[in-house]
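Here's the structure, in structure tokens; my notes come after.
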Amino acid sequence: MARSSIVASLDLGSSKVCCMVGEISRNGEIDIIGYGVAPSTGIKKGNIVNIEAMVRSISEAVLQAQQMSNAKIDSVLVGVSGPNVTIVNNRGVVAIPRSDREITPHDVERVLQASRIIAIPPDREIIEVIPRQFIVDGCDGIRDPVGMIGTRLEVEVSIITGQLTTIQNVVRCVQKSGLEVEGLILKSLAAKEILLSDDEVDMGVALVDVGAGTTEITVFRGENIELYNLIPLGGDYVTNDIAIGLRLPYSQAEAIKRKYACAAASLASDKPDIEIHSIGEASPRKISQKELALIIEPRVQEIISLIHKELKTVNYREMLAAGIVLCGGGLLHMRGALEIAQKMLGIPVRAAKTDMYGFDHTFTVALGLLYYGSKNRSFGDRDEVRDKSALSFFERAKRILREYFLG
């Protein structure tokens, strides 16, 4: 298997590290051939806090993916997020000097490089440059200018930057695992490829990923990222509240949350059918789902109120015509979470779901990284080729993920 045909992605989360491997065929289609998932112990609140623990988690996930795919992984596309990620807008301009005036992929690359010329603080680094629109001789709204005729090519971009030390720590962990970083991609851009439709993005939509340790909020409208922020609060805080409130070991609190959690006490059962064994008590006792919900509900409301606070900065009631899409494992499994979110936020909220793996979001970012990386490899690709590749990608993804979740 040729090395150049293999592409791999790496999602570094607060609760798990996921590695996924795909093989790119001659016509650009991706065939998913392996994956690996390992517990994560080196990240808190979106930042790496233990290099060695993170390296062990990465190595374990990559080893699983290599064994399943029977392929050697040399480099990975890495998803990044964090409280220090910022987005700034900029513009680049180049002339088309050739006599035929036809715009080539090389011209697109030149104008994108020109757009990267921007003054940023010395403690920050550019993660990615996202084209919002191309402009050819004053004609705007162009998504792919390759093949067009013009004398002047402009691009408006969103430049994603991150704290230099944070990025360096991510890269260092990957390199200490024996891999090279092929590219850094914002996690929400990867998840967008899997969870949002083109119509939702064009209308305006917020993708809210409530994970274990953080909540990532990204507002998309057309080609623009109108808002990005990371709240250092997630599902682990609900688990911690249960552990403290019921005096339970953390692992038992997590298991009870996963099985019985209800985000609204008004929707919970009064029947005392949940058996717990609190620390310091001689024998088990039983509590009701409502008692559990009374512990959970305040924290859920706090998370949603912080989401509301962030969305208010962009006048979200007018901007988000397609509403809010909630994903991640922090809240979605709780009965009543969507109802509370919709009531507190005042606009439609739906659960993120694909026909590949339902509501489980273990592979959302890893899959999205493969698709996003492949789709954006070349601006010379034609749309019909991309669409064919996307269909094949998702069909193959469904097949291998069924094996993971069902067998």
Side-chain angles (χ1 to χ4, degrees), residues 4-5 7 9 22 24-30 75 77-78 80 85-120 124-162 167 180-186 188-190 192-193 198 201-202 220-226 228 368-390 392-393:
S4 60
S5 68
V7 60
S9 62
I24 302 178
S25 64
R26 290 181 180 177
N27 58 1
E29 297 179 356
I30 301 178
S75 61
L77 295 164
V78 183
V80 294
V85 171
T86 58
I87 299 175
V88 295
N89 296 325
N90 200 30
R91 178 187 289 256
V93 183
V94 296
I96 309 300
R98 296 176 302 280
S99 58
D100 61 7
R101 304 301 184 193
E102 181 177 346
I103 297 170
T104 66
H106 177 66
D107 295 319
V108 173
E109 183 61 31
R110 286 197 301 124
V111 77
L112 288 174
Q113 288 298 327
S115 72
R116 297 174 68 97
I117 302 174
I118 185 174
I120 60 174
R124 302 195 69 78
E125 182 174 311
I126 294 176
I127 297 173
E128 191 173 5
V129 175
I130 304 170
R132 299 167 60 189
Q133 67 168 342
F134 291 94
I135 304 167
V136 178
D137 290 348
C139 179
D140 60 8
I142 299 169
R143 294 194 176 186
D144 185 355
V146 173
M148 297 183 68
I149 304 299
T151 60
R152 176 186 171 95
L153 176 63
E154 302 175 62
V155 66
E156 293 180 355
V157 299
S158 294
I159 298 178
I160 302 173
T161 72
I167 295 171
E180 291 300 321
V181 176
E182 184 174 339
L184 297 172
I185 299 169
L186 192 66
S188 55
L189 282 173
K192 165 192 167 189
E193 300 291 338
D198 291 341
V201 173
D202 288 340
F220 299 100
R221 194 179 192 191
E223 296 299 311
N224 300 340
I225 300 177
E226 301 288 350
Y228 175 85
L369 287 168
L370 290 182
Y371 183 54
Y372 184 88
S374 173
K375 189 179 77 169
N376 291 278
R377 279 182 304 148
S378 170
F379 282 93
D381 293 340
R382 301 266 55 89
D383 288 341
E384 57 265 29
V385 174
R386 291 178 182 174
D387 289 344
K388 182 179 179 183
S389 175
S392 176
F393 172 84

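Please read these numbers as outputs of a predicted model, since none were measured by experiment. Heavy-atom basis, side chains included; hydrogens, waters and symmetry copies ignored.
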Can you list the residues that meet the side chain to side chain contact (heavy atoms under 4.5 Å, CB included) rule with [X], with sequence neighbours excluded?
| X | value |
| --- | --- |
| D107 | I96, R98, I103, T104, R110, L153 |
| D202 | R143 |
| D198 | none |

What are the two closest non-hydrogen atoms of [X] and [Y], and how far apart are they?
| X | Y | answer |
| --- | --- | --- |
| G150 | V136 | CA-CG1, 3.9 Å |
| V129 | S115 | CG1-OG, 3.7 Å |
| L370 | G22 | CD1-N, 4.2 Å |
| I87 | S158 | CG2-CB, 3.9 Å |
| V157 | P131 | CG1-CA, 4.0 Å |
| F220 | S188 | CZ-O, 3.8 Å |

*Y372 and L77: CA distance, side-chain angles, deciding distance, side-chain contact (heavy atoms from CB on, under 4.5 Å) verdict*: CA-CA 10 Å; Y372 184 88; L77 295 164; over 6 Å; no
*Taking side-chain hydrogen bond (donor to acceptor under 3.5 Å, both in side chains) as the test, write out the residues that go with Q133, two or more places apart.*
E156
*asked:* Test of understanding: with salt bridge (charged side-chain N to carboxylate O under 4.0 Å, His left out), list the residues that count as partners of R116, not counting sequence neighbours.
replied: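 In terms of salt bridge (charged side-chain N to carboxylate O under 4.0 Å, His left out), with neighbours along the sequence ignored, R116 is linked to no residue.
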*What residues, two or more places apart in sequence or in another chain, satisfy salt bridge (charged side-chain N to carboxylate O under 4.0 Å, His left out) together with E226?*
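E226 satisfies salt bridge (charged side-chain N to carboxylate O under 4.0 Å, His left out) with no residue once adjacent residues are dropped.
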Nearest-0.5 Å distance, [atom1] of residue [X] to [atom2] of residue [Y]:
| X | Y | atom1 | atom2 | answer |
| --- | --- | --- | --- | --- |
| R132 | R221 | CZ | CZ | 12.0 Å |
| I130 | N224 | CD1 | CG | 10.0 Å |
| I149 | D100 | CD1 | CG | 6.5 Å |

Is there a side-chain contact between [X] and [Y] in this structure, where contact means two heavy atoms from C-beta onward sitting under 4.5 Å apart?
| X | Y | result |
| --- | --- | --- |
| V88 | N90 | no |
| I185 | E128 | yes |
| L189 | I160 | yes |
| I167 | V80 | no |

*asked:* Using modelled atom types and a 3.5 Å cut-off, is there a donor and acceptor pairing between side-chain atoms of D137 and backbone atoms of R152?
replied: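 Looks like yes, one N/O pair under 3.5 Å.
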